[in-house]
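Notes for the one structure printed next.
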Number of protein chains: 2
Amino acid sequence: MIKTSDEKYLRAIYQISQAEQGQKATISELAYYLDLKPPTVLERLKILQAEKLITYKKTSGIHLTKSGQKEAMNVVRKHRIWETFLHKVCKFSWSEVHELAEQLQNVNSEKLIDRLYTLSGEPQFDPHGDPIPSKTGVLPSSQRRPLLNSVEGCKCVVLGVNEDSTDFLNYLTELNIGLNERLNVEKLFSFDGSVKVKYKNSVTAVLSSKVAEKIMVTCIKANCLCKV
Amino acid sequence: MIKTSDEKYLRAIYQISQAEQGQKATISELAYYLDLKPPTVLERLKILQAEKLITYKKTSGIHLTKSGQKEAMNVVRKHRIWETFLHKVCKFSWSEVHELAEQLQNVNSEKLIDRLYTLSGEPQFDPHGDPIPSKTGVLPSSQRRPLLNSVEGCKCVVLGVNEDSTDFLNYLTELNIGLNERLNVEKLFSFDGSVKVKYKNSVTAVLSSKVAEKIMVTCIKANCLCKV
DNA sequence: TGTATTTATTAGGTGAACCTAATTTTAGTA
DNA sequence: TACTAAAATTAGGTTCACCTAATAAATACA
């Protein structure tokens, strides 16, 4: 059986490799992420390696093995289901959810996770818009589409942009819209295709169709009617 | 702030003093209860004493101070609310609940506890029939009454008996009804006052009015209509 | 290509929470 | 009251997860 304390390492390694898309994960990154010092992390990686959950070489970095991957998905699932439950059922705000889920994810009961998932309505994405892996470790594919194709009332998350001119990125920075920003589509103006969105709880902005075309998002709610 | 690991000691001390009604709690009892060895417990008691949460003298035993008592009630509250939530909302069986609640009670968020309590319908007693302390640490007084006064459908817990003849106690032992046994009142027979109860999940028994008169219970459900 | 900087590694240490074994204290009873 | 059994205490050890400081290796770039 996997130790509880392994889990945070596996999740962190997963998150980091995810974020850097195939780049190698390093000890110092991991240490920073986990708020530990490199020697502590190194020591632990040796154990994880002995348990055949990861491979590590100075040159090639840290990688999850097949079974490590499986475990990591399981931890990610637990974490995201707790977040979902806390947000949807317990009405915790977006920002409060993460820290609490961190503590709760240590509890070991698959049955509990299943019940919480049911109570939360079995969504495919957590409140941050991150996909919830199935029990078998499969991620629901997020339907990447331009913000422009939204329907009113849609809740979505920014996955990226389709243009990286400085001007465009500066514009988004100015508006404080970044990666993983969660947008609520409040109104669509059909006469010019502009989109009114609300984000960061209370900020609103009207984005021109030109901009909305280039912001790539994915819906968070199940069965959303947006065109993909 | 109280350390998480203090909490299990405080709860254990509370439980033990509770069970022995004013008898002094001893180190060896506590060690047995916590599944630790006496030296470990002693070491820890010194710390708890330094934190002014308990008083301890070899002669007078272990006692909670005022602030220790307050903390203990808080832990008990957390624990019982988790148990209630797991049972009522997550549909865990009675027996599964305790171990899980043990893990969950380490999570520190008063807000979460409040939300779970609301989700569970704010009952005064947990699924074992134990009272849930209020935030201020006040226990709801259990309405001690004879089983005889039940209404059909009542769920109650055995608090004690009003007679202690060996015959009577043997009879209860034979039926496997003990202290804290949870009884569901299935039927009342008005012609002779006997009471049909179900317990231990599936055992049923019909108790004569003479017996039902002497078994003292308290209702678990809020607003139960039983005579007190 | 050589040097500066970053990153990884080693060595050794701390405090917490446990333990065992040995000793002392307390309490119960012949 | 003296003796024995039980309970408490002391002393000293282990493991674990963390740390710091020093050294070695890798990388970046002038």
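Model, not experiment: these values are computed from the prediction. Within every chain, numbering begins at 1; the chains are lettered A, B, ... in the order of the sequence lines, protein sequences first and strands thereafter.
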Rounded to whole Å, how long is the line connecting atom [atom1] of [X] with atom [atom2] of [N]?
X        : N      : atom1 : atom2 : value
B/Lys58  : C/dA27 : NZ    : P     : 9 Å
A/Lys37  : C/dG13 : NZ    : C1'   : 16 Å
A/Asn106 : D/dA17 : CG    : C1'   : 15 Å
B/Lys24  : D/dA6  : NZ    : P     : 17 Å
B/Leu48  : C/dA17 : CG    : P     : 10 Å
B/Arg44  : C/dC19 : CZ    : P     : 13 Å
B/Leu45  : D/dA7  : CG    : P     : 16 Å
A/Lys57  : D/dA25 : NZ    : P     : 17 Å

Worksheet item: Salt bridge check: are B/Glu110 and B/Lys78 linked by an N-O gap of less than 4.0 Å?
Response: no

Worksheet item: Would you call A/Glu102-A/Arg11 a salt bridge at under 4.0 Å N-O?
Response: yes

For [X] and [N], is the shortest distance between a side-chain N/O and OP1 or OP2 below 4.0 Å?
X       : N      : result
A/Tyr32 : C/dT6  : no
B/Thr40 : C/dC19 : yes
B/Ser28 : D/dA8  : yes
B/Ser5  : C/dA17 : yes

Discussion item. Does B/Thr59 reach a base, just sugar-phosphate, or nothing at all? Heavy atoms under 4.0 Å.
Written reply: nothing

Discussion item. At 4.0 Å (heavy atoms only), tell me whether B/Lys46 reaches a base, stays on the sugar-phosphate, or touches nothing.
Written reply: sugar-phosphate

Worksheet item: Where each residue is assigned the nucleotide of DNA chain D containing its nearest heavy atom, which of A/Pro38 and B/Ala25 is assigned the position nearer the 5′ end?
Response: B/Ala25

Fill in: Contact nearer the 5' end of DNA chain D, comparing A/Ile47 with B/Leu42
B/Leu42

Picking from [options], which would you name as closest to the side chain of [X]?
X       : options               : answer
B/Thr26 : C/dC18, D/dA8, C/dA8  : D/dA8
B/Ile27 : D/dA8, D/dA17, D/dA11 : D/dA8
A/Tyr9  : D/dC18, D/dA8, C/dT20 : D/dC18

Item to complete: Determine, for B/Tyr199 and B/Arg182, whether the Lys NZ or Arg CZ falls below 6.0 Å from the six-membered ring centre while staying within 45 degrees of the axis.
Response: no

Worksheet item: Got a sec: does the CG of A/Asn201 have more than 12 other heavy atoms crowding it under 6.0 Å?
Response: no

Practice prompt. Quick one: pull up OG1 in B/Thr84 and CG in B/Asp126 and give me the separation to the nearest 0.5 Å.
Written response: 5.0 Å

